[in-house]
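Letters A, B, ... mirror the listed sequences (proteins, then strands); counts begin at 1.
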Amino acid sequence: MNLLDQFFILIAVALLSITVLRNFRINDKMAPLWYGLMVVMLVRMAAVAYDGATLTSAFNIEILGFNMHWQFNALSWFFAIITVVAALASAIFMSGDWGRQYRELYEGQGGNYGLLQLALILNVASMLLLLASGDLLSLFIGWEFVSWASFLMMVLMPSKTAKKAAVKYVVYAMFGAMALLAALAIIYSNSVSFSGSLEFEQITQVFAGMDKGPQFSLALLFFIAFAIKMGLLPFHLWQAVAYAETPGPGAAFLGAISSRMGLFAMIIVIIQFIGLGHLQGMSIGLPFINMQTLLAWIAALTTIIPTYIALQQHDAKRLLAWHGVGQGGYMLLGLIMFDSIGSAGGLMHVLNHASYQAALFLTVVAVVYRTGTSDLNKLGGLVTQMPLSFLVMLIGIIGLAGLPPMNGFVSKWMVYRSLLLNGEPLLFVAAVLGTLGTILSVYKLIHNTFLGQLRVEHQNIREVPWSMMVPMLGLSAIVFITGFMPGLILPWIASVQETIGLPVIIHHLGGIEYAKGGLDMIWVSGILFYGFGVGALIFYFLGSKAKRVHQYDNYAGGHFLSADVKYHYSNNFYPGLMHLIGDWYRGSFKWMEQVIVSALSFVSKLFENMYRSRQPVMLLVIVVVVALFSIYKNTAGVSS
Amino acid sequence: MKKELLIKEKQAKRTNPLAHVFDDFIDFCQSKSLFMLHYCTGCGAIELPPAMTSRFDMERLGIQPMVTPRQADILLVTGYVSVKTLKRVILTYEQMQAPKYVIGICSCTVNGGMYWQSYATAKKLNDYMPVDVYIAGCMPRPEAVLEGLQRLKENIKNDRKQQKGSAWKEYFANYDTYLGNQQHLFGDDWQTPVDIIAEAKLYGLEGEGTYGKNTEKLAKVQQPLLPQEMKL
Amino acid sequence: MNGLHILSELLLMPLIAFVVGLMMVLMMRKISARIQRRIGPPFFQPIYDIVKLYGKDTQISHGLIHDIGIIMAVGGYIGAEILLPVPGMEGIADKGGIITLSYFLMIPSLGMALGVGQCANPNGSIGISRALTSMLAYDVPFIIVVFGAAWHYQSTSLVGMIEYQQMNSWGIVEMPFLATAGLFALQGMLGKQPFEIYIAPAEIATGPMVEMSGKYMGGLFVMQTFQLYTAGVLYASLFLGGGESWLSLLPKAFLVVAIPMSIAFMFPRYKTEDVIRILWKWPVMLALIGLAFIL
């Protein structure tokens with residue numbers, strides 16, 4: 001029994017324990033412990049991450065001649081550690097006062113705290129099962145589990161929008177699963193050496209033996225399946241609302257890592273087994289547009305469009321969820337470059353994004369916990385009341401915006417560097433446009449929540465309790481430390497690159513080594529903090545001390561400010577920009593979605609009407625005619 | 001008498017001989033760089049554009065216009081001050097950061113000028129805030145405005161020696177008197193969001209006249225606006 | 001590169017930047033005065049202003065974030081100056097590079113934005129909203145220019161770029177379109193007319209600076225000196241061959257800063273949406289043409 005088997009047993013035990021004990025208070029204390037144990041197990045498996053070895057589980061199933069087996073390599077480990085740490089943070093967060101409040105508010109109205117705990121462990125277990133999949137069939141099974149586990153989590157908020165978003169998600173997910181199944185069927189029926197297996201290696205073989213047309217459709221099916229989970233364009237519509245409406249810590253977990261399962265599958269299938277050669281070989285229409293450029297542009301547009309949709313949101317959770325969709329684009333954009341720096345950037349962004357996204361979501365949930373709203377037009381000035389939450393959000397938004405010295409900068413820097421090296425100016429501009437939009441909208445987020453005028457009704461609220469603060473601070477520490485010393489996780493990235501057959505990055509503790517312009521974050525952060533230090537010296541040692549004033553002691557053109565004057569500038573924060581680009585938000589994708597929905601419902605109504613028609617005899621006649629026709633046709637074929 | 005005391009006190013504070021050099025240097029820079037906020041209450045404001053632009057060019061004297069009281073050193077009140085306006089002028093003055101100077105331009109600020117008989121006009125500006133320089137005239141020409149500004153600069157430069165440029169300290173040291181005049185005009189519930197007494201305490205600017213019966217009256221009606229402290 | 005060298009770079013580079021920046025501020029004010037047929041401020045005016053602001057007896061703060069905002073604004077620029085290679089001092093600058101530097105330069109703006117946010121003054125918030133919008137406007141052409149330069153010199157290190165130019169010819173000769181677009185973006189980056197909607201003194205009371213008094217305002221004045229210096233030296237390093245010595249670098253830097261200043265004081269300002277419109281149209285077009293030539 002190797003470490004992987006022990007790990008699976010641990011997951012099974014944890015699942016069982018939480019299922020049984022979920023309605024007892026003891027579970028609150030035990031659930032984080034299980035995730036902690038999982039982290040410990042993963043650390044014990046760290047050899048996988050550093051040496052690039054593969055652990056194969058002794059457990060395998062033989063069904064209908066297919067051998068389903070599970071294994072852990074550097075790639076799985078990398079995603080697994082992110083998953084488990086995100087789950088740990090969420091579990092600690094919801095174990096204390098947050099859970100109590102959730103029970104008080106929602107229990108009996110459709111919310112169920114025990115079910116939320118169960119949903120979390122189910123998500124973790126199914127994701128780990130997916131990450132450990134050793135062949136296409138086990139990948140498919142894990143895929144289905146993940147979809148339904150996320151659905152369970154999404155419906156735990158008793159609101160109509162939440163239910164609607166969850167159903168929408170399931171429809172999308174089922175469509176994706178069908179696409180994956182179809183792709184599997186194609187692989188199976190086209191496999192050259194008919195060995196009856198669905199090993200990953202079959203993909204390469206099948207691709208090599210195919211013409212351009214079928215190759216394209218197969219790649220497209222895979223892409224649809226994975227892009228839906230990841231929320232890539234044009235399948236980005238389901239994700240943000242569904243995640244935003246998930247109960248607090250659940251949203252943090254889903255937003256951090258859940259949709260990255262799509263990226264994981266994409267890395268295996270498209271990057272590792274289809275490979276650069278085939279992608280470049282598939283030209284579409286014009287010779288210079290091949291599958292690689294197409295994917296790169298999809299990624300680039302995914303960074304831009306959802307980011308600018310986020311800019312329009314006035315609900316903090318939705319704003320963050322839309323950014324989650326947008327940041328997925330950077331990961332694919334880096335990976336699709338197929339070089340050492342770009343793919344390292346893309347992979348690293350998975351971890352970085354998970355850390356700051358979870359921190360940001362938890363901060364917003366903390367604000368909701370205290371104020372009862374995440375509407376950005378109804379908050380403001382909370383920094384004096386909740387300074388630590390402010391700090392976490394500050395670190396988080398610097399990470400999300402990709403500014404030094406946080407970890408988001410490192411991964412984005414690598415993506416930019418790779419685009420520079422590959423001579424992709426337009427993609428580069430697209431990536432930067434995404435970043436700039438992010439800066440705009442995260443400033444709006446922090447300004448409207450924590451800065452500006454404090455509302456009268458919020459004057460007595462306090463910082464959230466430590467059970468919520470600790471995971472937030474822990475996540476922001478990860479954001480900072482991996483930004484300061486990216487070399488801590490770059491070895492993992494390097495062995496992932498080795499595993500999936502990409503060029504391996506040369507790294508050191510501070511960043512990456514590259515002949516014509518590398519990056520050393522220790523120096524960069526050092527210089528930044530040196531600058532801040534000198535700035536602080538200048539500030540505190542020169543000049544007299546400043547008098548702290550109340551915010552009503554403020555310049556308002558001679559006007560006397562008082563509590564009844566609401567002057568917080570929050571609604572429509574970027575009017576100038578919106579004057580210009582406001583008309584560009586046409587909702588084309590929404591419109592397209594609605595067209596498909598109404599077309600489908602029309603067809604289904606048609607069939608329904610036929611089925612329920614007054615003359616059942618007609619149905620019988622149709623069935624008989626069709627049956628007779630098919631019999632006739634088949635027998636005719638046989639006789640000739 | 002009081003001024004001498006102040007001087008002595010200040011000298012007693014600084015034992016380092018170089019400290020005077022430093023103080024003088026700061027005073028010198030303060031006199032060389034003046035940001036002014038013009039509170040254009042009346043017709044006198046029309047004389048400022050020529051004083052600022054190419055004909056007379058205030059910037060060569062180191063004086064430039066600023067927009068908010070926080071940034072400004074000089075408050076220019078350029079005309080008659082009605083009771084309603086005076087509230088805003090006082091708020092603006094209190095929001096300025098010391099050292100701060102007030103210049104009353106036009107006769108109206110000196111004695112009400114042609115509005116002497118108006119029931120709604122505050123007659124003497126220096127009843128309500130310490131005025132450093134008056135520039136009389138109806139209206140004073142730009143030359144006169146510049147002359148007044150030059151006078152103010154001289155005062156500031158010799159601040160440490162003669163205590164001429166420290167009229168703003170009067171406001172803290174005799175707050176009770178000024179507040180009394182303000183209350184007389186605006187009623188007993190008069191207050192601004194700026195807590196002058198706290199400021200005087202913080203910077204050690206209290207004098208004998210800071211507290212009195214008027215400040216007691218204020219303390220009764222005042223809803224103190226304490227800064228929001230960060231709390232964990 | 002020994003410890004002493006590093007220490008001297010850490011201390012001297014911001015100091016030189018400050019002194020040169022002061023002269024640039026003076027130059028800016030002199031240019032504006034001359035264009036308006038005035039005499040303008042005396043030679044030491046920038047110093048008087050800063051000393052006076054730091055020498056204020058009383059000043060207000062709206063809270064800790066207000067203070068930290070100013071520290072970040074000044075400190076971020078001090079850091080940025082160290083990443084900007086100048087003659088004789090390029091040891092640490094080599095650790096960064098153009099991408100790092102362009103993102104580094106957003107830190108002071110972010111710091112200022114945070115500080116202004118805590119002032120809870122709507123004028124300030126409007127100013128920041130406009131400032132960020134115009135950042136979005138000028139960064140698009142700027143980033144194309146950065147891409148073009150990095151691609152042309154095949155390096156993201158500013159030191160490498162300067163070496164290339166000193167061995168071959170200046171960037172402005174080889175990439176005239178990109179250089180022009182860069183100058184255009186510089187105008188927006190310095191926030192000078194016609195792109196100074198976020199200051200707009202008569203409309204939103206100097207926007208971000210509205211609640212800044214005493215040393216807070218002084219910090220912003222210091223920041224302005226750094227900003228001008230950075231703009232001048234960065235542009236000179238990208239397109240004008242940097243400098244073999246200070247004697248050749250400084251005239252270039254002053255020249256670069258003088259151009260936007262001379263343009264600035266002849267214009268009123270554009271509305272926010274027009275700032276975006278104009279910056280996304282002409283300089284982007286120029287930059288793309290320039291890019292087409294070098295790719």
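- For the pair C/T100 and A/F409, the minimum side-chain heavy-atom distance is below 4.5 Å.
- Only the side chain of A/H447 comes within less than 4.5 Å of a heavy atom in chain C; its backbone stays farther off.
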Start with the C-alpha distance between A/L403 and C/I107, add both sets of side-chain angles, then the distance that settles side-chain contact (heavy atoms from CB on, under 4.5 Å), and finish with yes or no. CA-CA 7 Å; A/L403 299 182; C/I107 296 275; 4.2 Å; yes
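- In this structure, A/F560 places its CZ atom where more than 12 heavy-atom neighbours from other residues, nucleotides or ligands lie under 6.0 Å away.
- A 4.5 Å side-chain heavy-atom check between A/L436 and C/M106 finds at least one atom pair inside the cut-off.
- At a threshold of 4.5 Å between non-hydrogen side-chain atoms, the residues C/L64 and A/R548 count as touching.
- Only the side chain of A/F390 comes within contact range of chain C, with at least one heavy atom under 4.5 Å from a heavy atom of that chain.
- For chain C, no part of A/I522 is nearby; none of its heavy atoms comes within less than 4.5 Å.
- Contacts between A/Y530 and chain C at a heavy-atom distance below 4.5 Å involve the side chain alone, from C-beta outward.
- Aromatic ring orientation, A/F539 versus C/Y216: perpendicular (interplanar angle above 60°, classes split at 30° and 60°).
- A donor-acceptor contact shorter than 3.5 Å is absent between the side chain of C/D57 and the backbone of A/S544.
- If you measure heavy-atom distances from A/I581 to chain C, the contacts under 4.5 Å come from the side chain alone.
- In this structure, the side chains of C/Q118 and A/V383 come closer than 4.5 Å at one or more pairs of heavy atoms.
- Contacts of A/F450 with chain C are absent, with no heavy-atom separation under 4.5 Å from either backbone or side chain.
- In this structure, the portion of A/N422 lying under 4.5 Å from any heavy atom of chain C is its backbone and not its side chain.
- Counting heavy atoms from C-beta outward, C/T272 and A/Y574 have side chains that stay 4.5 Å or more apart.
- C/S129 has its side chain within reach of A/Y569: a pair of non-hydrogen atoms, C-beta onward, lies under 4.5 Å apart.
- The part of C/L291 that comes within reach of chain A is its side chain, from C-beta onward, which places non-hydrogen atoms under 4.5 angstrom from that chain.
- For A/K545, the part sitting under 4.5 Å from any heavy atom of chain C is the backbone (N, CA, C, O) and nothing else.
- A distance-only check finds no donor-acceptor pair linking the side chain of A/Y443 to the backbone of C/L132 [under 3.5 Å].
- Put simply, the side chain of A/Q551 never gets that close to the backbone of C/H62: no donor and acceptor are under 3.5 Å apart.
- Both the backbone and the side chain of C/D67 come within contact range of chain A, judged by heavy atoms closer than 4.5 Å.
- Two residues are said to be in side-chain contact when any heavy atoms from C-beta on lie closer than 4.5 Å; A/L577 and C/E273 fail this criterion.
- For the pair C/W151 and A/F428, the minimum side-chain heavy-atom distance is 4.5 Å or more.
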